Amino acid sequence: MVDLALTDNLFTESVIEEAIQELDILFNTVPTELIGDTTYGSNFLQFLWSLTPMEESITRYIYERIAGYTVYAASLKKEVNVTKYDDVNETVYVVEITLFDENDKEYHKEYTLRG
């Protein structure tokens, strides 16, 4: 499929490019922000305000979001790794998502979650 790109390319033409674009849209959209689908998006604030480490819960949440709200990313083999560290006044989670194409070539995407 050829789709309009959100980055420097004019179009996305590979499944990996489209999967990465799906992840960017999904993780940068807050539920209720998309008109017509109030469940689309990601609510990471629920994890950031918790007093206990939430790496496993965030990982499970990300897999569920990808499976339920993406087409290309859901169809690819993937690994999600969440690491927590404490900044001066807040908890920060670094989410690393590795996507694998049909030749098992790896593509990495990283998101930082902070309150």
Side-chain angles (χ1 to χ4, degrees):
M1 174 179 201
V2 177
D3 196 6
L4 291 175
L6 296 176
T7 57
D8 296 336
N9 316 5
L10 185 55
F11 296 103
T12 59
E13 296 182 12
S14 75
V15 171
I16 289 292
E17 289 175 338
E18 291 169 355
I20 290 171
Q21 183 167 287
E22 280 181 328
L23 294 177
D24 286 341
I25 293 169
L26 180 64
F27 295 141
N28 290 311
T29 302
V30 178
T32 71
E33 193 174 50
L34 183 67
I35 296 173
D37 188 352
T38 58
T39 62
Y40 182 86
S42 300
N43 177 16
F44 291 112
L45 286 178
Q46 63 184 321
F47 302 106
L48 294 169
W49 291 103
S50 174
L51 297 176
T52 58
M54 303 291 290
E55 291 98 323
E56 290 180 29
S57 298
I58 294 172
T59 301
R60 211 171 25 255
Y61 181 77
I62 290 171
Y63 275 116
E64 290 169 2
R65 292 273 118 178
I66 291 172
Y69 293 98
T70 66
V71 174
Y72 299 104
S75 70
L76 295 172
K77 179 180 154 191
K78 69 195 97 7
E79 291 177 1
V80 176
N81 184 31
V82 179
T83 309
K84 173 191 170 282
Y85 70 90
D86 294 315
D87 202 0
V88 177
N89 291 324
E90 64 185 349
T91 299
V92 177
Y93 290 98
V94 176
V95 177
E96 299 173 77
I97 300 176
T98 304
L99 300 173
F100 299 89
D101 67 9
E102 63 277 351
N103 300 320
D104 275 343
K105 183 176 177 187
E106 297 181 8
Y107 298 84
H108 301 278
K109 188 69 183 171
E110 186 176 290
Y111 299 93
T112 303
L113 311 176
R114 52 177 69 234

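If you're wondering where the values come from, they're calculated on a predicted model, not measured in any experiment. Residue numbers run from 1 in the order of the sequence given.
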Not counting sequence neighbours, which residues clear side chain to side chain contact (heavy atoms under 4.5 Å, CB included) with [X]? List them please.
X: Lys77; result: Phe100, Asp104
X: Thr38; result: Thr32
X: Asn89; result: none

Are any of the side-chain heavy atoms of [X] and [Y] separated by less than 4.5 Å?
X: Val71; Y: Glu18; value: no
X: Tyr107; Y: Leu76; value: no
X: Glu64; Y: Arg60; value: yes

* **Carboxylate-amine/guanidinium proximity below 4.0 Å for Lys84 and Glu55** => no
* **Glu56 atom CD: more than 12 heavy-atom contacts under 6.0 Å** =>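 No.
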How close do [X] and [Y] get, heavy atom to heavy atom, and via which atoms?
X: Ile20; Y: Tyr111; result: O-OH, 4.3 Å
X: Leu26; Y: Ser42; result: O-OG, 3.3 Å
X: Thr70; Y: Ile66; result: OG1-O, 2.5 Å
X: Leu113; Y: Leu48; result: O-CD2, 3.7 Å
X: Thr39; Y: Asp37; result: OG1-OD1, 2.7 Å

* To do: Compute the ring centroids of Phe47 and Tyr93, then answer whether they are less than 6.0 Å apart.
  =>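 No: the rings miss the under 6.0 Å criterion.
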* **Ring geometry between Phe27 and Phe44 (parallel below 30°, tilted from 30 to 60°, perpendicular above 60°)** => tilted
* To do: Rounded to the nearest 0.5 Å, what's the gap from CD on Glu79 to OG1 on Thr59? Could you check?
  => 11.5 Å
* Between the main-chain N or O of Gly41 and the side-chain N or O of Glu33, is there a donor-acceptor pair closer than 3.5 Å? -> no
* Asked: Between Lys105 (side chain) and Asn103 (backbone), is there a donor-acceptor pair under 3.5 Å?
  ->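 No.
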* To do: Say whether Tyr40 and Tyr63 are linked into one hydrophobic cluster, either directly or through other cluster members, by side-chain heavy-atom distances under 4.5 angstrom.
  =>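 Same cluster.
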* Is there a path from Leu45 to Met54 through hydrophobic residues (I, L, V, M, F, W, Y) whose side chains come within less than 4.5 Å of each other? ->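 Same cluster: Leu45 reaches Met54 through Ile, Leu, Val, Met, Phe, Trp or Tyr contacts under 4.5 Å.
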